[in-house]
Protein chains: 2
Amino acid sequence: MSDTADIQKAIGPKSSGRAPGPGRPREFDESKALETALNVFWQKGFEAASLDDLTKAMGLSRSSFYGTFGSKQALFQRALVQYSQKALDNLQDVADTAENDPVGAMVEALADPQGGSRGCMLINCVTELAPHDQDVATIGRRHLESIEEIIARAIDPDNPDTARDQASAYASLAIGTLALRKAGVPAERIAKTLAQAKSVLSPD
Amino acid sequence: MSDTADIQKAIGPKSSGRAPGPGRPREFDESKALETALNVFWQKGFEAASLDDLTKAMGLSRSSFYGTFGSKQALFQRALVQYSQKALDNLQDVADTAENDPVGAMVEALADPQGGSRGCMLINCVTELAPHDQDVATIGRRHLESIEEIIARAIDPDNPDTARDQASAYASLAIGTLALRKAGVPAERIAKTLAQAKSVLSPD
DNA sequence: CTAAATATGGACTGATCATTCCGTAAATGT
DNA sequence: ACATTTACGGAATGATCAGTCCATATTTAG
(Lines give C-alpha, C1' and ligand atoms only; values in the text may rest on other atoms or scores of the structure.)
Protein backbone atom coordinates (compact mmCIF):
# COMPACT_ATOMS: atom_id res chain seq x y z
CA MET A 1 0.00 0.00 0.00
CA SER A 2 1.31 3.44 -0.91
CA ASP A 3 1.97 6.23 1.52
CA THR A 4 -0.79 8.35 0.08
CA ALA A 5 -3.19 5.45 0.53
CA ASP A 6 -2.15 5.23 4.18
CA ILE A 7 -2.78 8.90 4.66
CA GLN A 8 -6.06 8.62 2.82
CA LYS A 9 -7.13 5.84 5.16
CA ALA A 10 -5.98 7.74 8.23
CA ILE A 11 -7.94 10.89 7.52
CA GLY A 12 -10.93 9.05 6.10
CA PRO A 13 -12.14 8.84 2.54
CA LYS A 14 -13.06 11.84 0.45
CA SER A 15 -15.49 12.86 3.11
CA SER A 16 -16.83 16.34 2.82
CA GLY A 17 -16.89 19.19 0.35
CA ARG A 18 -16.02 17.12 -2.64
CA ALA A 19 -16.22 18.75 -6.05
CA PRO A 20 -19.32 17.94 -8.12
CA GLY A 21 -17.26 16.02 -10.66
CA PRO A 22 -18.21 12.82 -12.44
CA GLY A 23 -19.83 9.86 -10.74
CA ARG A 24 -23.16 9.14 -9.20
CA PRO A 25 -24.21 11.75 -6.66
CA ARG A 26 -24.87 10.95 -3.02
CA GLU A 27 -28.42 10.19 -2.06
CA PHE A 28 -27.99 11.47 1.50
CA ASP A 29 -26.84 14.54 3.37
CA GLU A 30 -23.48 13.85 4.97
CA SER A 31 -23.86 16.32 7.81
CA LYS A 32 -27.36 15.04 8.57
CA ALA A 33 -25.99 11.52 8.67
CA LEU A 34 -23.21 12.65 10.99
CA GLU A 35 -25.71 14.29 13.30
CA THR A 36 -27.78 11.12 13.38
CA ALA A 37 -24.72 9.03 14.16
CA LEU A 38 -23.83 11.45 16.93
CA ASN A 39 -27.18 10.80 18.57
CA VAL A 40 -26.72 7.04 18.35
CA PHE A 41 -23.28 7.27 19.93
CA TRP A 42 -24.64 9.65 22.54
CA GLN A 43 -27.37 7.27 23.52
CA LYS A 44 -25.46 3.98 23.36
CA GLY A 45 -21.80 4.79 23.73
CA PHE A 46 -19.10 3.76 21.29
CA GLU A 47 -18.86 0.01 21.82
CA ALA A 48 -22.57 -0.61 22.21
CA ALA A 49 -23.41 1.28 19.02
CA SER A 50 -23.18 -1.40 16.34
CA LEU A 51 -22.80 -0.77 12.67
CA ASP A 52 -26.31 -2.06 12.17
CA ASP A 53 -27.55 0.50 14.68
CA LEU A 54 -25.64 3.27 12.97
CA THR A 55 -26.37 2.45 9.35
CA LYS A 56 -30.03 1.79 10.06
CA ALA A 57 -30.42 5.12 11.87
CA MET A 58 -28.46 6.99 9.23
CA GLY A 59 -30.28 5.30 6.37
CA LEU A 60 -27.03 4.21 4.73
CA SER A 61 -25.81 0.99 3.25
CA ARG A 62 -22.55 -0.32 4.61
CA SER A 63 -20.88 0.63 1.33
CA SER A 64 -21.95 4.25 1.63
CA PHE A 65 -21.01 4.24 5.29
CA TYR A 66 -17.45 3.10 4.71
CA GLY A 67 -17.12 5.05 1.50
CA THR A 68 -18.05 8.24 3.28
CA PHE A 69 -16.73 7.92 6.81
CA GLY A 70 -13.97 5.33 6.50
CA SER A 71 -14.54 3.51 9.76
CA LYS A 72 -16.65 3.45 12.88
CA GLN A 73 -13.72 4.94 14.76
CA ALA A 74 -13.29 7.83 12.32
CA LEU A 75 -17.00 8.61 12.30
CA PHE A 76 -17.00 8.57 16.07
CA GLN A 77 -14.20 11.08 16.32
CA ARG A 78 -15.95 13.41 13.91
CA ALA A 79 -19.11 13.09 15.98
CA LEU A 80 -17.20 13.83 19.18
CA VAL A 81 -15.61 16.95 17.76
CA GLN A 82 -18.93 18.14 16.41
CA TYR A 83 -20.59 17.55 19.75
CA SER A 84 -17.85 19.44 21.55
CA GLN A 85 -18.20 22.48 19.33
CA LYS A 86 -21.94 22.51 19.62
CA ALA A 87 -21.86 22.08 23.41
CA LEU A 88 -19.30 24.85 23.85
CA ASP A 89 -21.26 27.18 21.61
CA ASN A 90 -24.35 26.45 23.64
CA LEU A 91 -22.52 27.08 26.90
CA GLN A 92 -21.20 30.38 25.64
CA ASP A 93 -24.69 31.28 24.57
CA VAL A 94 -26.04 30.55 28.03
CA ALA A 95 -23.36 32.80 29.48
CA ASP A 96 -24.18 35.60 27.07
CA THR A 97 -27.94 35.53 27.47
CA ALA A 98 -28.11 35.00 31.24
CA GLU A 99 -29.87 37.89 32.91
CA ASN A 100 -28.06 38.23 36.20
CA ASP A 101 -26.07 35.11 37.13
CA PRO A 102 -24.22 33.77 34.11
CA VAL A 103 -22.03 31.42 36.12
CA GLY A 104 -24.99 29.90 37.89
CA ALA A 105 -26.81 29.52 34.61
CA MET A 106 -23.83 27.74 33.08
CA VAL A 107 -23.57 25.37 36.01
CA GLU A 108 -27.25 24.55 35.64
CA ALA A 109 -26.80 24.01 31.93
CA LEU A 110 -23.82 21.71 32.45
CA ALA A 111 -25.59 19.73 35.15
CA ASP A 112 -28.73 19.23 33.07
CA PRO A 113 -27.57 18.95 29.49
CA GLN A 114 -29.85 18.79 26.51
CA GLY A 115 -30.73 15.30 25.54
CA GLY A 116 -32.52 14.02 28.58
CA SER A 117 -30.87 11.28 30.61
CA ARG A 118 -28.05 10.67 28.19
CA GLY A 119 -25.85 13.06 30.11
CA CYS A 120 -22.93 14.77 28.44
CA MET A 121 -21.69 12.73 25.52
CA LEU A 122 -18.12 13.80 26.08
CA ILE A 123 -18.09 12.84 29.73
CA ASN A 124 -19.65 9.52 28.86
CA CYS A 125 -17.04 8.83 26.23
CA VAL A 126 -14.13 10.02 28.33
CA THR A 127 -15.21 7.67 31.08
CA GLU A 128 -15.64 4.78 28.67
CA LEU A 129 -12.69 5.27 26.35
CA ALA A 130 -10.15 7.85 27.47
CA PRO A 131 -8.02 5.45 29.55
CA HIS A 132 -7.37 3.36 26.45
CA ASP A 133 -7.77 5.87 23.62
CA GLN A 134 -5.40 8.79 23.48
CA ASP A 135 -7.37 10.63 20.82
CA VAL A 136 -10.56 10.58 22.85
CA ALA A 137 -8.66 11.67 25.94
CA THR A 138 -7.25 14.64 24.07
CA ILE A 139 -10.61 15.71 22.70
CA GLY A 140 -12.08 15.35 26.17
CA ARG A 141 -9.31 17.28 27.87
CA ARG A 142 -9.58 20.16 25.42
CA HIS A 143 -13.33 20.22 25.86
CA LEU A 144 -13.04 20.39 29.63
CA GLU A 145 -10.40 23.09 29.44
CA SER A 146 -12.63 25.08 27.12
CA ILE A 147 -15.51 24.80 29.56
CA GLU A 148 -13.29 26.10 32.35
CA GLU A 149 -12.13 28.92 30.15
CA ILE A 150 -15.65 30.03 29.32
CA ILE A 151 -16.67 29.96 32.97
CA ALA A 152 -13.51 31.79 34.04
CA ARG A 153 -14.18 34.55 31.54
CA ALA A 154 -17.68 34.92 32.92
CA ILE A 155 -16.39 35.14 36.49
CA ASP A 156 -13.81 37.79 35.72
CA PRO A 157 -13.44 38.96 32.14
CA ASP A 158 -10.38 41.02 33.04
CA ASN A 159 -8.44 38.35 34.93
CA PRO A 160 -9.74 35.00 33.73
CA ASP A 161 -6.53 33.29 34.81
CA THR A 162 -7.06 34.03 38.49
CA ALA A 163 -10.60 32.70 38.28
CA ARG A 164 -9.47 29.50 36.65
CA ASP A 165 -9.44 27.31 39.74
CA GLN A 166 -12.84 28.52 40.78
CA ALA A 167 -14.15 27.87 37.29
CA SER A 168 -12.68 24.39 37.40
CA ALA A 169 -14.45 23.75 40.67
CA TYR A 170 -17.78 24.81 39.20
CA ALA A 171 -17.25 22.60 36.18
CA SER A 172 -16.27 19.59 38.28
CA LEU A 173 -19.26 20.10 40.51
CA ALA A 174 -21.66 20.18 37.58
CA ILE A 175 -20.04 17.17 35.95
CA GLY A 176 -20.20 15.23 39.18
CA THR A 177 -23.92 15.72 39.43
CA LEU A 178 -24.30 14.02 36.06
CA ALA A 179 -23.32 10.77 37.74
CA LEU A 180 -25.94 11.34 40.41
CA ARG A 181 -28.57 11.89 37.77
CA LYS A 182 -27.61 8.76 35.87
CA ALA A 183 -27.82 6.72 39.03
CA GLY A 184 -31.36 7.91 39.56
CA VAL A 185 -30.89 10.41 42.35
CA PRO A 186 -34.06 12.56 42.27
CA ALA A 187 -33.76 15.81 40.35
CA GLU A 188 -34.95 17.68 43.41
CA ARG A 189 -31.99 16.50 45.46
CA ILE A 190 -29.58 17.43 42.70
CA ALA A 191 -31.10 20.88 42.48
CA LYS A 192 -30.59 21.37 46.21
CA THR A 193 -27.00 20.19 45.92
CA LEU A 194 -26.31 22.74 43.20
CA ALA A 195 -28.10 25.51 45.06
CA GLN A 196 -26.10 24.80 48.18
CA ALA A 197 -22.80 24.78 46.32
CA LYS A 198 -23.60 27.89 44.33
CA SER A 199 -24.67 29.86 47.38
CA VAL A 200 -21.34 29.13 48.99
CA LEU A 201 -19.11 29.36 45.96
CA SER A 202 -20.62 32.53 44.56
CA PRO A 203 -19.06 35.79 45.72
CA ASP A 204 -22.54 37.33 45.94
CA MET B 1 -38.05 -25.57 33.71
CA SER B 2 -39.19 -25.65 37.32
CA ASP B 3 -39.70 -22.64 39.52
CA THR B 4 -36.86 -23.66 41.77
CA ALA B 5 -34.63 -23.90 38.75
CA ASP B 6 -35.62 -20.36 37.80
CA ILE B 7 -34.80 -19.11 41.23
CA GLN B 8 -31.58 -21.04 41.22
CA LYS B 9 -30.63 -19.39 37.94
CA ALA B 10 -31.63 -15.94 39.17
CA ILE B 11 -29.53 -15.98 42.29
CA GLY B 12 -26.68 -17.86 40.69
CA PRO B 13 -25.56 -21.41 41.20
CA LYS B 14 -24.59 -22.83 44.54
CA SER B 15 -22.05 -20.10 44.89
CA SER B 16 -20.56 -19.71 48.30
CA GLY B 17 -20.47 -21.45 51.61
CA ARG B 18 -21.46 -24.80 50.34
CA ALA B 19 -21.22 -27.75 52.68
CA PRO B 20 -18.18 -30.02 52.24
CA GLY B 21 -20.34 -32.87 51.03
CA PRO B 22 -19.52 -35.36 48.29
CA GLY B 23 -18.02 -34.45 44.96
CA ARG B 24 -14.70 -33.18 43.77
CA PRO B 25 -13.54 -30.15 45.73
CA ARG B 26 -12.88 -26.79 44.10
CA GLU B 27 -9.33 -26.10 43.04
CA PHE B 28 -9.66 -22.35 43.50
CA ASP B 29 -10.69 -19.82 46.12
CA GLU B 30 -14.03 -18.33 45.17
CA SER B 31 -13.50 -15.01 46.93
CA LYS B 32 -10.03 -14.67 45.42
CA ALA B 33 -11.53 -15.32 42.00
CA LEU B 34 -14.20 -12.70 42.65
CA GLU B 35 -11.59 -10.18 43.66
CA THR B 36 -9.63 -10.88 40.50
CA ALA B 37 -12.73 -10.49 38.37
CA LEU B 38 -13.46 -7.23 40.11
CA ASN B 39 -10.11 -5.89 39.02
CA VAL B 40 -10.70 -6.95 35.43
CA PHE B 41 -14.09 -5.24 35.37
CA TRP B 42 -12.57 -2.21 37.05
CA GLN B 43 -9.90 -1.91 34.46
CA LYS B 44 -11.92 -2.73 31.35
CA GLY B 45 -15.55 -2.05 32.14
CA PHE B 46 -18.33 -4.58 31.77
CA GLU B 47 -18.69 -4.90 28.01
CA ALA B 48 -15.00 -4.79 27.23
CA ALA B 49 -14.17 -7.48 29.77
CA SER B 50 -14.53 -10.68 27.78
CA LEU B 51 -14.99 -14.11 29.23
CA ASP B 52 -11.54 -15.00 28.01
CA ASP B 53 -10.15 -12.03 29.90
CA LEU B 54 -12.03 -13.00 33.03
CA THR B 55 -11.41 -16.73 33.03
CA LYS B 56 -7.76 -16.31 32.13
CA ALA B 57 -7.21 -13.82 34.94
CA MET B 58 -9.19 -15.89 37.41
CA GLY B 59 -7.50 -19.11 36.35
CA LEU B 60 -10.81 -20.85 35.75
CA SER B 61 -12.17 -22.99 32.99
CA ARG B 62 -15.45 -21.88 31.49
CA SER B 63 -17.17 -24.78 33.22
CA SER B 64 -16.00 -23.69 36.60
CA PHE B 65 -16.82 -20.10 35.81
CA TYR B 66 -20.44 -20.80 34.95
CA GLY B 67 -20.79 -23.49 37.57
CA THR B 68 -19.69 -21.06 40.25
CA PHE B 69 -20.93 -17.66 39.19
CA GLY B 70 -23.79 -18.44 36.82
CA SER B 71 -23.19 -15.72 34.26
CA LYS B 72 -21.01 -12.76 33.45
CA GLN B 73 -23.83 -10.49 34.52
CA ALA B 74 -24.25 -12.18 37.91
CA LEU B 75 -20.53 -12.15 38.58
CA PHE B 76 -20.42 -8.49 37.68
CA GLN B 77 -23.13 -7.58 40.14
CA ARG B 78 -21.36 -9.45 42.91
CA ALA B 79 -18.17 -7.61 42.04
CA LEU B 80 -19.95 -4.27 42.08
CA VAL B 81 -21.47 -4.87 45.49
CA GLN B 82 -18.15 -6.04 46.86
CA TYR B 83 -16.42 -2.98 45.48
CA SER B 84 -19.04 -0.69 46.99
CA GLN B 85 -18.64 -2.18 50.44
CA LYS B 86 -14.89 -2.00 50.28
CA ALA B 87 -14.89 1.58 49.01
CA LEU B 88 -17.32 2.74 51.67
CA ASP B 89 -15.33 1.01 54.40
CA ASN B 90 -12.22 2.71 53.13
CA LEU B 91 -13.92 6.09 53.06
CA GLN B 92 -15.16 5.69 56.58
CA ASP B 93 -11.66 4.72 57.61
CA VAL B 94 -10.25 7.87 56.05
CA ALA B 95 -12.80 9.90 57.99
CA ASP B 96 -11.95 8.16 61.24
CA THR B 97 -8.19 8.39 60.97
CA ALA B 98 -7.94 11.92 59.59
CA GLU B 99 -5.99 14.14 61.94
CA ASN B 100 -7.70 17.51 61.59
CA ASP B 101 -9.78 17.77 58.42
CA PRO B 102 -11.77 14.58 57.86
CA VAL B 103 -14.00 16.10 55.17
CA GLY B 104 -11.05 17.35 53.19
CA ALA B 105 -9.35 14.01 53.52
CA MET B 106 -12.43 12.24 52.24
CA VAL B 107 -12.70 14.55 49.25
CA GLU B 108 -9.07 13.88 48.46
CA ALA B 109 -9.64 10.15 48.78
CA LEU B 110 -12.69 10.23 46.51
CA ALA B 111 -10.92 12.35 43.93
CA ASP B 112 -7.87 10.09 43.83
CA PRO B 113 -9.13 6.58 44.39
CA GLN B 114 -6.94 3.56 44.87
CA GLY B 115 -6.22 1.76 41.68
CA GLY B 116 -4.37 4.34 39.68
CA SER B 117 -6.05 5.76 36.60
CA ARG B 118 -8.99 3.38 36.66
CA GLY B 119 -11.04 5.89 38.60
CA CYS B 120 -13.95 4.76 40.72
CA MET B 121 -15.35 1.50 39.44
CA LEU B 122 -18.86 2.42 40.45
CA ILE B 123 -18.82 5.77 38.70
CA ASN B 124 -17.40 4.10 35.62
CA CYS B 125 -20.10 1.49 35.61
CA VAL B 126 -22.91 3.90 36.39
CA THR B 127 -21.84 6.01 33.44
CA GLU B 128 -21.58 3.00 31.17
CA LEU B 129 -24.57 0.96 32.25
CA ALA B 130 -26.99 2.72 34.58
CA PRO B 131 -29.14 4.26 31.84
CA HIS B 132 -29.96 0.81 30.51
CA ASP B 133 -29.54 -1.40 33.60
CA GLN B 134 -31.80 -0.79 36.54
CA ASP B 135 -29.84 -3.03 38.89
CA VAL B 136 -26.61 -1.18 38.28
CA ALA B 137 -28.39 2.15 38.68
CA THR B 138 -29.74 1.06 42.05
CA ILE B 139 -26.38 -0.16 43.31
CA GLY B 140 -24.82 3.10 42.13
CA ARG B 141 -27.48 5.29 43.70
CA ARG B 142 -27.16 3.55 47.05
CA HIS B 143 -23.40 3.86 46.89
CA LEU B 144 -23.59 7.59 46.21
CA GLU B 145 -26.12 8.10 48.95
CA SER B 146 -23.87 6.23 51.36
CA ILE B 147 -20.95 8.44 50.44
CA GLU B 148 -23.03 11.53 51.13
CA GLU B 149 -24.14 10.08 54.41
CA ILE B 150 -20.61 9.40 55.59
CA ILE B 151 -19.50 12.89 54.63
CA ALA B 152 -22.55 14.47 56.26
CA ARG B 153 -21.85 12.65 59.51
CA ALA B 154 -18.31 13.94 59.45
CA ILE B 155 -19.48 17.51 58.89
CA ASP B 156 -21.98 17.48 61.71
CA PRO B 157 -22.40 14.27 63.69
CA ASP B 158 -25.38 15.73 65.56
CA ASN B 159 -27.34 17.05 62.60
CA PRO B 160 -26.21 15.06 59.57
CA ASP B 161 -29.44 15.85 57.76
CA THR B 162 -28.78 19.56 57.62
CA ALA B 163 -25.30 18.92 56.26
CA ARG B 164 -26.61 16.65 53.55
CA ASP B 165 -26.63 19.16 50.72
CA GLN B 166 -23.17 20.31 51.56
CA ALA B 167 -21.98 16.71 51.68
CA SER B 168 -23.58 16.09 48.32
CA ALA B 169 -21.73 19.06 46.88
CA TYR B 170 -18.42 17.75 48.16
CA ALA B 171 -19.11 14.32 46.72
CA SER B 172 -20.15 15.72 43.34
CA LEU B 173 -17.08 17.89 43.24
CA ALA B 174 -14.77 14.97 43.92
CA ILE B 175 -16.56 12.74 41.42
CA GLY B 176 -16.38 15.43 38.78
CA THR B 177 -12.62 15.65 39.10
CA LEU B 178 -12.41 11.97 38.19
CA ALA B 179 -13.45 12.89 34.68
CA LEU B 180 -10.74 15.52 34.54
CA ARG B 181 -8.17 12.96 35.61
CA LYS B 182 -9.29 10.43 33.02
CA ALA B 183 -9.07 13.06 30.32
CA GLY B 184 -5.47 13.69 31.26
CA VAL B 185 -5.75 17.00 33.05
CA PRO B 186 -2.52 17.31 35.06
CA ALA B 187 -2.75 16.18 38.67
CA GLU B 188 -1.41 19.53 39.76
CA ARG B 189 -4.34 21.37 38.22
CA ILE B 190 -6.81 19.01 39.82
CA ALA B 191 -5.18 19.54 43.20
CA LYS B 192 -5.55 23.28 42.81
CA THR B 193 -9.17 22.87 41.85
CA LEU B 194 -9.86 20.85 44.97
CA ALA B 195 -7.92 23.21 47.18
CA GLN B 196 -9.85 26.17 45.82
CA ALA B 197 -13.20 24.48 46.31
CA LYS B 198 -12.38 23.24 49.78
CA SER B 199 -11.17 26.61 50.95
CA VAL B 200 -14.45 28.17 49.90
CA LEU B 201 -16.77 25.36 50.89
CA SER B 202 -15.23 24.71 54.26
CA PRO B 203 -16.67 26.67 57.20
CA ASP B 204 -13.09 27.08 58.51
C1' DC C 1 -22.95 6.75 -27.36
C1' DT C 2 -19.06 5.42 -24.70
C1' DA C 3 -15.69 5.57 -21.09
C1' DA C 4 -14.56 6.87 -16.53
C1' DA C 5 -15.87 7.79 -11.96
C1' DT C 6 -18.57 7.50 -7.90
C1' DA C 7 -22.61 5.48 -5.16
C1' DT C 8 -25.57 1.81 -3.62
C1' DG C 9 -27.52 -2.66 -1.97
C1' DG C 10 -26.54 -6.61 0.09
C1' DA C 11 -24.04 -10.92 0.40
C1' DC C 12 -19.85 -12.43 2.43
C1' DT C 13 -15.75 -12.90 5.69
C1' DG C 14 -13.26 -13.96 9.60
C1' DA C 15 -13.02 -12.77 14.32
C1' DT C 16 -14.97 -12.66 18.77
C1' DC C 17 -18.73 -12.88 21.86
C1' DA C 18 -21.33 -15.37 25.93
C1' DT C 19 -22.97 -19.68 26.80
C1' DT C 20 -23.65 -24.85 26.60
C1' DC C 21 -22.20 -29.52 26.52
C1' DC C 22 -19.64 -33.65 27.09
C1' DG C 23 -16.14 -36.74 28.51
C1' DT C 24 -13.19 -37.32 32.35
C1' DA C 25 -11.23 -36.52 37.12
C1' DA C 26 -11.64 -36.46 42.01
C1' DA C 27 -14.01 -36.41 46.06
C1' DT C 28 -17.74 -38.74 49.61
C1' DG C 29 -20.86 -42.34 51.58
C1' DT C 30 -22.07 -47.15 51.81
C1' DA D 1 -15.39 -51.59 45.41
C1' DC D 2 -19.13 -48.87 43.62
C1' DA D 3 -22.66 -45.45 43.07
C1' DT D 4 -23.23 -40.61 43.56
C1' DT D 5 -21.94 -36.05 43.32
C1' DT D 6 -19.35 -32.20 42.09
C1' DA D 7 -15.47 -30.02 39.30
C1' DC D 8 -12.52 -29.63 35.40
C1' DG D 9 -10.65 -28.94 30.46
C1' DG D 10 -11.83 -27.70 26.29
C1' DA D 11 -14.46 -28.31 22.04
C1' DA D 12 -18.78 -26.84 19.98
C1' DT D 13 -22.62 -23.49 19.20
C1' DG D 14 -25.01 -19.80 17.40
C1' DA D 15 -25.18 -14.89 17.52
C1' DT D 16 -23.10 -10.65 16.49
C1' DC D 17 -19.28 -7.81 15.47
C1' DA D 18 -16.56 -4.50 12.15
C1' DG D 19 -15.14 -4.43 7.76
C1' DT D 20 -14.76 -6.04 2.53
C1' DC D 21 -16.34 -7.09 -2.05
C1' DC D 22 -18.86 -7.23 -6.17
C1' DA D 23 -22.51 -6.53 -9.32
C1' DT D 24 -25.39 -2.83 -10.56
C1' DA D 25 -26.96 2.03 -10.89
C1' DT D 26 -26.29 6.82 -11.87
C1' DT D 27 -23.77 10.63 -12.90
C1' DT D 28 -20.14 13.67 -15.93
C1' DA D 29 -16.73 14.22 -19.71
C1' DG D 30 -15.70 13.67 -24.37
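Chain letters run A, B, ... following the sequence lines, proteins first and then strands; every chain starts at 1.
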Distance, rounded to the nearest Å, where [X] contributes [atom1] and [N] contributes [atom2]:
X: A:Leu60; N: C:dG10; atom1: CG; atom2: C1'; answer: 14 Å
X: B:Phe69; N: C:dT20; atom1: CZ; atom2: P; answer: 16 Å
X: A:Arg24; N: C:dT6; atom1: CZ; atom2: C1'; answer: 9 Å
X: A:Met58; N: C:dG9; atom1: CE; atom2: P; answer: 13 Å
X: A:Glu30; N: C:dT6; atom1: CD; atom2: P; answer: 15 Å
X: A:Phe28; N: C:dT6; atom1: CZ; atom2: P; answer: 15 Å
X: A:Leu54; N: D:dT16; atom1: CG; atom2: P; answer: 16 Å

Charged N to carboxylate O below 4.0 Å: is that the case for [X] and [Y]?
X: B:Glu148; Y: A:Arg189; value: yes
X: A:Arg153; Y: A:Asp161; value: no
X: A:Arg78; Y: A:Glu30; value: yes

Backbone N or O of [Y] within a donor-acceptor pair of the [X] side chain at under 3.5 Å?
X: A:Tyr83; Y: A:Met121; answer: yes
X: B:Arg141; Y: B:Val136; answer: no
X: B:Ser71; Y: B:Ala74; answer: yes
X: B:Ser168; Y: B:Arg164; answer: no
X: A:Glu128; Y: B:Asn124; answer: no

| task | With the side chain of B:Tyr66 defined as its heavy atoms from C-beta on, choose the nearest nucleotide among C:dT20, D:dG19, C:dA7. | result |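 So the nucleotide nearest the side chain must be C:dT20.
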| Do the side-chain N or O atoms of B:Arg26 get closer than 4.0 angstrom to the phosphate oxygens (OP1, OP2) of D:dA7? |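 It does, given that an N or O in the side chain of B:Arg26 lies less than 4.0 Å from OP1 or OP2 of D:dA7.
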Review point. Looking only at side-chain N and O atoms, does A:Ser64 come under 4.0 Å of OP1 or OP2 in C:dA7?
Key: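 For C:dA7, OP1/OP2 do not have a side-chain N/O of A:Ser64 under 4.0 Å.
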Can you sort out which residues in residues 125-134 of chain A have a heavy atom within less than 4.0 Å of DNA chain C? Ascending by number, please.
->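 Per residue number, the list is empty: none.
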Original post:
Listed in order of residue number, which residues of residues 44-52 of chain B have a non-hydrogen atom at under 4.0 Å from DNA chain C?
Top reply: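 Heavy-atom cutoff 4.0 Å gives B:Ala49, B:Ser50, B:Leu51.
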Would you list the atom pairs, donor with acceptor, under 3.5 Å between side chains in residues 36-46 of chain A and any protein atom, with sequence neighbours excluded?
| unit_1 | atom_1 | unit_2 | atom_2 | d |
| --- | --- | --- | --- | --- |
| A:Thr36 | OG1 | A:Lys32 | O | 3.0 |
| A:Asn39 | OD1 | A:Arg118 | NH1 | 3.3 |
| A:Asn39 | ND2 | A:Glu35 | O | 3.2 |
| A:Trp42 | NE1 | A:Gly119 | O | 2.9 |
| A:Lys44 | NZ | A:Asp53 | OD2 | 3.2 |

NA contact type, B:Phe65, heavy-atom cut-off 4.0 Å: base, sugar-phosphate, or nothing?
->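 Counting heavy atoms under 4.0 Å across all strands, no contact is made by B:Phe65.
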Original post:
At their closest point, which heavy atom of A:Val126 faces which heavy atom of A:Gly140, and how far apart are they?
Top reply: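 Minimum heavy-atom separation between A:Val126 and A:Gly140: CG2-CA, 3.7 Å.
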key: Pair B:Ser172-A:Thr193, side-chain contact (heavy atoms from CB on, under 4.5 Å): steps then yes or no   = CA-CA 9 Å; B:Ser172 296; A:Thr193 299; 4.1 Å; yes
* Just by distance, with hydrogens left out, do B:Gln92 and B:Asp96 show a side-chain donor and acceptor under 3.5 Å apart? ->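 Distance-only check passes for B:Gln92 and B:Asp96.
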- Distance-only donor-acceptor check, side chains B:Ser50 and B:Asp52, under 3.5 Å: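 On atom types as modelled, these side chains do not qualify, holding no pair under 3.5 Å.
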When you compare the protein's N or O atoms with those of nucleotides 28-30 of chain D, which come within less than 3.5 Å of each other, and at what distance?
none

So which protein N/O to nucleotides 10-13 of chain D N/O distances come out below 3.5 Å?
| unit_1 | atom_1 | unit_2 | atom_2 | d |
| --- | --- | --- | --- | --- |
| D:dG10 | O6 | B:Ser63 | OG | 2.5 |

| message | According to side-chain contact (heavy atoms from CB on, under 4.5 Å), who are the partners of A:Ile139, at least two apart in sequence or on a separate chain? | response |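 For A:Ile139, the residues satisfying side-chain contact (heavy atoms from CB on, under 4.5 Å) (neighbours in sequence not counted) are A:Leu80, A:Val81, A:Leu122.
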